[in-house]
Amino acid sequence: QVQLVESGGGLVQPGGSLRLSCAVSERTFRFDTMGWFRQAPGKEREFVSTLRGRGDSTYYSESVKGRFTISKDNAKNTVYLQMNSLKPEDKAVYYCAAGVNRLNTSSVRNQRMYNYWGQGTQVTVSS
């Protein structure tokens, strides 16, 4: 059973930074796509960012582009999400997800295409 465990969430002031980590129980190169989604209170879960393919193409939602950076360390089987210039609207539970199938560009934002999910980590942005 594949396990994804997120960490690094917490409370941060607007303009601050956090780095989320997602530790994977299997070798990360097994998964063609690894990404992050988030769910704010009262809203549906939405796409944030993903790494796709062996070439590690990156994708970001418009709301986080330029502020968040996704990366992966295959030696540590860990995926990261560096979040800078955080805003109150970034407050959400952040979920790590992994997909084994090769996805096209239009599918990477579709959460139904991902096979495995973590339990989530809370990020709160408030002064």
Side-chain angles (χ1 to χ4, degrees):
Q1 181 71 15
V2 177
Q3 292 186 331
L4 284 68
V5 180
E6 303 97 334
S7 61
L11 172 64
V12 63
Q13 293 186 343
S17 298
L18 283 175
R19 188 177 78 157
L20 305 184
S21 299
C22 173
V24 187
S25 62
E26 297 190 14
R27 301 298 297 272
T28 47
F29 63 67
R30 175 194 167 188
F31 305 101
D32 190 78
T33 309
M34 298 206 67
W36 292 91
F37 290 75
R38 69 185 182 186
Q39 187 168 20
K43 295 186 177 181
E44 295 186 353
R45 189 159 57 185
E46 65 175 5
F47 169 78
V48 175
S49 178
T50 201
L51 282 162
R52 182 180 69 94
R54 297 294 183 265
D56 289 341
S57 300
T58 57
Y59 302 82
Y60 297 93
S61 68
E62 287 300 319
S63 62
V64 308
K65 191 176 295 183
R67 300 187 297 123
F68 291 11
T69 303
I70 190 171
S71 63
K72 181 174 62 172
D73 186 335
N74 287 328
K76 296 183 178 180
N77 296 325
T78 302
V79 179
Y80 303 98
L81 185 68
Q82 177 67 42
M83 307 186 295
N84 298 328
S85 303
L86 283 161
K87 305 175 181 180
E89 52 263 42
D90 293 318
K91 175 183 177 180
V93 177
Y94 283 71
Y95 297 91
C96 178
V100 299
N101 298 315
R102 184 168 181 82
L103 303 180
N104 57 34
T105 301
S106 62
S107 298
V108 296
R109 293 171 172 80
N110 186 344
Q111 58 183 303
R112 291 177 294 179
M113 295 298 179
Y114 292 77
N115 307 99
Y116 304 101
W117 292 84
Q119 82 290 348
T121 185
Q122 176 72 51
V123 171
T124 301
V125 185
S126 175
S127 55

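Across every non-hydrogen atom of Asn101 and Thr33, the tightest pair is O-OG1, 4.0 Å. The shortest heavy-atom contact between Ser25 and Gln3 is OG-N, 2.7 Å. Closest approach of Val108 and Arg52 over heavy atoms only: CG1-CD, 3.4 Å. Taking each heavy atom of Asn77 and Thr28 in turn, the nearest pair found is OD1-N, 3.3 Å. Nearest heavy atom pair, residue Ile70 against residue Tyr60, reads N-OH, 2.9 Å. The shortest non-hydrogen separation linking Ala97 to Tyr114 is CB-CD2, 3.6 Å.
Applying the side-chain contact (heavy atoms from CB on, under 4.5 Å) rule to Gln82 yields the partners Ser17, Arg19, Thr69, Asn84; only residues at least two apart in sequence or on another chain are considered. In this structure Val123 satisfies the side-chain contact (heavy atoms from CB on, under 4.5 Å) test together with Leu18, Leu20, Met83, Tyr94, Val125, sequence neighbours excluded.
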Candidate pair Phe47 and Tyr59, rule ring-ring contact (aromatic ring centres under 6.0 Å, His included), full reasoning: CA-CA 10 Å; Phe47 169 78; Tyr59 302 82; 7.6 Å; no
Derivation and outcome, side chain to side chain donor-acceptor pair (under 3.5 Å), residues Ser126 and Thr124: CA-CA 6 Å; Ser126 175; Thr124 301; over 6 Å; no
From CA spacing to verdict: side chain to side chain donor-acceptor pair (under 3.5 Å), Asn104, Ser107: CA-CA 5 Å; Asn104 57 34; Ser107 298; 2.7 Å; yes
Worked verdict on Thr78 versus Asp73 for side chain to side chain donor-acceptor pair (under 3.5 Å): CA-CA 5 Å; Thr78 302; Asp73 186 335; over 6 Å; no
Worked verdict on Cys96 versus Trp36 for side-chain contact (heavy atoms from CB on, under 4.5 Å): CA-CA 5 Å; Cys96 178; Trp36 292 91; 4.1 Å; yes
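The closest donor-acceptor contact from the side chain of Thr50 to the backbone of Met34 lies under 3.5 Å. Between the side chain of Glu6 and the backbone N or O of Gln119, at least one donor-acceptor pair lies under 3.5 Å. No donor-acceptor pair closer than 3.5 Å links the side chain of Ser85 to the backbone N or O of Arg67.
Going from atom CZ of Arg38 over to atom OG of Ser63 covers 4.5 Å, rounded to the nearest 0.5 Å.
Side chains of Ser21 and Lys76 form no contact here, defined as non-hydrogen atoms less than 4.5 Å apart. Residues Arg109 and Glu46 have side chains not in contact (no heavy-atom distance under 4.5 Å, counting atoms from C-beta outward).
No more than 12 heavy atoms of other residues, nucleotides or ligands shown are found within 6.0 angstrom of CZ on Arg102. Atom CD of Glu44 sits in a sparse spot, with 12 or fewer heavy atoms from other residues, nucleotides or ligands closer than 6.0 Å.
The cluster map of Ile, Leu, Val, Met, Phe, Trp and Tyr, joined by side-chain heavy atoms under 4.5 Å apart, puts Tyr95 and Phe31 in different clusters.
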